[in-house]
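Here is how names work: the chains are called A, B, and so on, in the same order as the sequence lines, proteins then strands, and each is numbered from 1. The structure displayed is predicted, hence computed values, not measured ones.
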There are 2 protein chains.
Amino acid sequence: MEAITHSRADTFPIGELSRLTGVNIETIRYYERIGMLPAPPRSEGGRRVYDQHHTRVLAFIRRGRELGFTLDEIKALLALGGPERAPCGEVSEIATKHLDDIRTKIADLRKLERLLGQTIDRCEGGTAPECPVLDILSPEPRRRA
Amino acid sequence: MEAITHSRADTFPIGELSRLTGVNIETIRYYERIGMLPAPPRSEGGRRVYDQHHTRVLAFIRRGRELGFTLDEIKALLALGGPERAPCGEVSEIATKHLDDIRTKIADLRKLERLLGQTIDRCEGGTAPECPVLDILSPEPRRRA
DNA sequence: CGTGCATCCTGTAGTGACTACAGGAGCAAG
DNA sequence: CTTGCTCCTGTAGTCACTACAGGATGCACG
């Protein structure tokens, strides 16, 4: 097994970019198609040739996704300067809105967790005459207005 | 087999079912198409005619979705007896797995909340020389130091 | 009995963020 | 030259809906 070495030019194909950033090859091409990632130059054979700049942008996108930002939010963040510097105000506005969303989601999930957890407990305690999980799933049908 | 109050003609069209259950008309038709909801009989003019049975099944599906179950999970639950009775064991197995997923999600979101919250705070405290939100988004710490 | 309008029908396409092929071309090693 | 890997384009599938377009039906009102 020979080590994969590429030239001093510091450019690499899509597979290498994928390995460097942990982003799926298909996803990289998808990002290019929807304009998230700038289209790189091509080799003579028509292959995409990337460099460090792409690595940084793609890593930025990936990190943003991990933090739960939508691609549109990340696009906005990139427009505000991306991996380079940018005005704090607008950036933290997007981030704060996102944080609100996260907190709402956590609250919702916690309510769910409590309800479901208690219900399953009653199930396993064997104190219920009929399955309690199915009970919470069967609400009273609403009366006609 | 006992029928469900057919004495008076309490059947209704899709719009009424939608109102009764709070499920979008388009979504009801979608559920029918993918086999979540049994296809109802049709009127002479070809319109769907529903009764209380459909209301109960659809309300069950809706409640399941609110609780974050996937349609496939709900389908399994329905197969286990749906709004009628069913064995507790298999039901709570599905529910417990789902509860695990919820807890994982909550933990992930909490980590996110902490990181993002702290970062935005630093942003607003104005103590940072450069935008901290963009910093956590850039995994590469400003190369060429 | 006609008219208008709400409701309904089918079918298709769009959403977000990917993922999974099919079918072919490039390229380096043995 | 052959093998086998990587890469290319293009299309379609995923999940759970949602949004039309373009037409048919049903019912109240005049």
*asked:* Could you tell me how far apart A:Glu26 (CD) and D:dT14 (C1') are, to the nearest whole angstrom?
replied: 14 Å
*What's the CE-P distance between B:Met36 and D:dC15, to the nearest Å?*
12 Å
*In whole angstroms, how far is the P atom of C:dT10 from the CZ atom of B:Arg47?*
11 Å
*Tell me: CG of A:Leu58 to C1' of C:dA17, nearest whole Å?*
14 Å
*Describe the nucleic acid contact of B:Ile34 in one word from base, sugar-phosphate, nothing, applying a heavy-atom distance below 4.0 Å.*
nothing
*Taking CD1 from A:Ile25 and P from D:dG10, how many angstroms apart are they, rounded to a whole number?*
18 Å
*Please determine if a side-chain N or O atom of A:Tyr31 lies less than 4.0 Å away from the OP1 or OP2 oxygen of C:dC18.*
yes
*Mind calculating the distance between CG (B:Leu37) and P (D:dC17) to the nearest angstrom?*
13 Å
*Hey, does B:Arg29 reach any base, or is it just sugar-phosphate, or nothing, if we go heavy atoms under 4.0 Å?*
base
*Side-chain heavy atoms under 4.5 angstrom apart, residues restricted to Ile, Leu, Val, Met, Phe, Trp, Tyr: same cluster for B:Leu71 and B:Leu58?*
yes
*Ignoring hydrogens and angles, are the base of C:dC27 and the side chain of A:Glu44 linked by a donor-acceptor pair under 3.5 Å?*
no
*Give, for atom OH of A:Tyr31 and atom CG of A:Asn24, the distance between the pair rounded to the nearest 0.5 Å.*
9.5 Å
*asked:* Between B:Glu93 and B:Lys97, does any NZ, NE, NH1 or NH2 come within less than 4.0 Å of an OD or OE carboxylate oxygen?
replied: no
*For atom NZ of B:Lys75, is the number of surrounding heavy atoms from other residues, nucleotides or ligands below 6.0 Å larger than 12?*
yes
*Can you tell me if the side-chain N/O atoms of B:Arg42 get under 4.0 Å from OP1 or OP2 in C:dT10?*
yes
*Which comes earlier along DNA chain D counting from the 5' end, the contact point of A:Arg33 or that of B:Tyr30, where each point is its nearest nucleotide?*
A:Arg33
*Any B:Thr27 side-chain N or O less than 4.0 Å from OP1/OP2 of D:dT18*: yes
_Test of understanding: clusters of I, L, V, M, F, W, Y form through side-chain heavy atoms closer than 4.5 Å, transitively. Do A:Ile102 and B:Ile106 belong to the same one?_
yes
_Gap between atoms CG and C1', on B:Asn24 and C:dT15 respectively (whole Å)_ = 15 Å
*asked:* In whole Å, I'd like the distance from the CZ atom of B:Arg48 to the P atom of D:dA24.
replied: 17 Å
_If you assign B:Gly15 and A:Gly46 each to the DNA chain C nucleotide with the nearest heavy atom, which residue ends up on the more 5' nucleotide?_
B:Gly15
_By nearest atom, which of the nucleotides C:dA17, C:dC8, D:dA16 is closest to the B:Pro13 side chain?_
C:dC8
